[in-house]
Amino acid sequence: MTSSTVGVLMPVRAPAPYLNAALLSLAAQTLTNWRLTLVLDGPAPGFAEHAEHIVGEERLEVLQLTESRGLSVALNRGLAEMRTEYVARLDADDLSAPNRLERELVHLESRKDVVLVGSHAEIIDDTSEHVGVVRVPAGGDVRKSLLRKNRFVASSVMFRRLAAIEAGGYNAHCRHAEDYDLWLRMAILGPVENLDETLTSYRVSNNQVSINPMDALGRGVIRLSRQGLSRHLGRSLWRTDLEHLAWDLWQRPIARNRRGKMARLRRGQTTTRPEHRETS
């Protein structure tokens, strides 16, 4: 077993009704060498004490933002303060399978060229009931297909911290797609892959921020990041721009479509198509 320590980066904003379940999923990890960086995005009375009770004081670092600054600012604050070689993302409403950190760490330790790894995800609803599965391309480098759409569930991802910092961290101008934008820029630094395993439970809720559609500025940021990766891979920019245009047109009605999809999921109509809070 590797002796490397994994840092778990979890931004949270009140009221965070599923925080307890997320913390308990970390406490159940088979990997013992992990620490949690909990970034409180604005006032969150009692959250730090509750987290300490579940994961233990020795594992916990709490960073407090005096006012809510948004997801990207909270994530960047965490990245700046963390010192572990590896960072695992977990949103405060999602769950990690007990072996998630162990399996992803083993992969990154054995594949020194890979900068980021994720997995398939179970979809759960507000009551934590299974309503579907997110299946992502697995078994190899997904950089080429990443140009077309997001291929990672954010709460399934573990990455090399220094690679994320070198790539520039999270872009606050890319609301609702911060993760996808960072993955595109990190992919310039090395392969990005998914394990062919289901290591995360991803919650579909009416309270999710990314039910809102991405604005024009965010879509423009994604276009520039796609172009950067396309150049790195030696791919024609015109093809990348055409695919971006198709994605952009599809992105605009996404809020309405997702509400309909959530209703279908709650009726028991499961899906095996990738579905992410940040992008699609």
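When reading the values below, keep in mind they use all heavy atoms of this one structure, side chains included, and skip hydrogens, waters and symmetry mates.
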Worked verdict on Arg69 versus Asp41 for salt bridge (Lys or Arg N to Asp or Glu O under 4.0 Å): CA-CA 6 Å; Arg69 303 285 302 279; Asp41 186 21; over 6 Å; no
CA sep, side-chain torsions, deciding dist, call: Arg143, Glu193, salt bridge (Lys or Arg N to Asp or Glu O under 4.0 Å): CA-CA 8 Å; Arg143 282 183 289 185; Glu193 301 181 349; over 6 Å; no
Leu108 vs Arg160, side-chain contact (heavy atoms from CB on, under 4.5 Å): CA-CA, chis, key distance, verdict: CA-CA 8 Å; Leu108 289 177; Arg160 300 183 192 276; 4.0 Å; yes
Residues Asp113, Arg111; criterion salt bridge (Lys or Arg N to Asp or Glu O under 4.0 Å); working and verdict: CA-CA 5 Å; Asp113 58 327; Arg111 291 287 310 280; 3.2 Å; yes
Check against side-chain contact (heavy atoms from CB on, under 4.5 Å), Leu31 and Leu105: CA-CA 9 Å; Leu31 182 75; Leu105 177 59; 3.9 Å; yes
Derivation of the side-chain contact (heavy atoms from CB on, under 4.5 Å) call for Asp196 and His120: CA-CA 7 Å; Asp196 194 11; His120 307 307; 2.7 Å; yes
Verdict with supporting geometry, Met10 and Leu19, side-chain contact (heavy atoms from CB on, under 4.5 Å): CA-CA 10 Å; Met10 181 187 293; Leu19 177 61; 3.6 Å; yes
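Checked by atom type, the side-chain pair Arg77/Tyr170 shows no donor-acceptor distance below 3.5 Å. If you check the side chains of Ser128 and Arg203, you find a donor sitting under 3.5 Å from an acceptor. Side chains of Asp181 and Ser225: a donor-acceptor N/O pair is present below 3.5 angstrom, by distance only. For the 3.5 Å distance criterion, the side chains of Glu122 and Ser201 qualify, holding a donor opposite an acceptor. Checking Tyr18 against Asp126 by side-chain atom types alone, a donor-acceptor pair falls below 3.5 Å. Remark: the Gln227 side chain and the His244 side chain contain no N/O donor-acceptor pair separated by less than 3.5 Å. Judged purely by distance below 3.5 Å, without hydrogens or angles, the side chains of Glu197 and Ser119 never pair a donor atom with an acceptor atom. In summary, the side chains of Asn20 and His50 do present a donor paired with an acceptor at a separation below 3.5 Å, with no hydrogens or angles considered. For Glu109 and Tyr86, the side-chain atoms include at least one donor-acceptor pair closer than 3.5 Å. Side-chain contact annotation: Thr240 with Ser230, donor-acceptor N/O pair under 3.5 Å present.
Residue Met186 is grouped with residue Leu146 when hydrophobic side chains (ILVMFWY) are merged at heavy-atom distances under 4.5 angstrom, including chains of intermediate members. Hydrophobic clustering of Ile, Leu, Val, Met, Phe, Trp and Tyr side chains at less than 4.5 Å, counting indirect connections, keeps Ile222 apart from Leu217. In the hydrophobic clustering of this structure, Leu71 does not group with Ile165; members are Ile, Leu, Val, Met, Phe, Trp, Tyr whose side-chain heavy atoms approach within less than 4.5 Å, directly or through other members.
The environment of His53 atom NE2 is sparse: at most 12 non-hydrogen atoms of other residues, nucleotides or ligands sit within 6.0 angstrom. The environment of CZ in Arg161 is crowded: more than 12 heavy-atom neighbours from other residues, nucleotides or ligands sit within 6.0 Å. Applying the 6.0 Å contact sphere to CD of Glu57 captures no more than 12 heavy atoms from other residues, nucleotides or ligands.
Residues Ile124 make up the rest of the hydrophobic cluster containing Leu95, defined by ILVMFWY side-chain heavy atoms closer than 4.5 Å, directly or through other members.
Using the six-membered ring where Trp is involved, Trp183 and Phe152 have ring planes that are perpendicular, over 60° apart on the 30 and 60° scheme.
Under a 3.5 Å cut-off, the side chain of Thr37 and the backbone N or O of Glu61 do not form any donor-acceptor pair. Side chain of Asn33 to backbone of Thr5: no donor-acceptor contact under 3.5 angstrom is found. The main-chain N or O of Arg148 is found under 3.5 Å from a side-chain atom of Arg226 such that the two form a donor-acceptor pair.
Between the CG atom in Leu75 and the CD atom in Glu178 there is a gap of 7.0 Å [rounded to 0.5 Å].
In this structure, the side chains of Tyr202 and Asp91 stay at 4.5 Å or more apart for every pair of heavy atoms.
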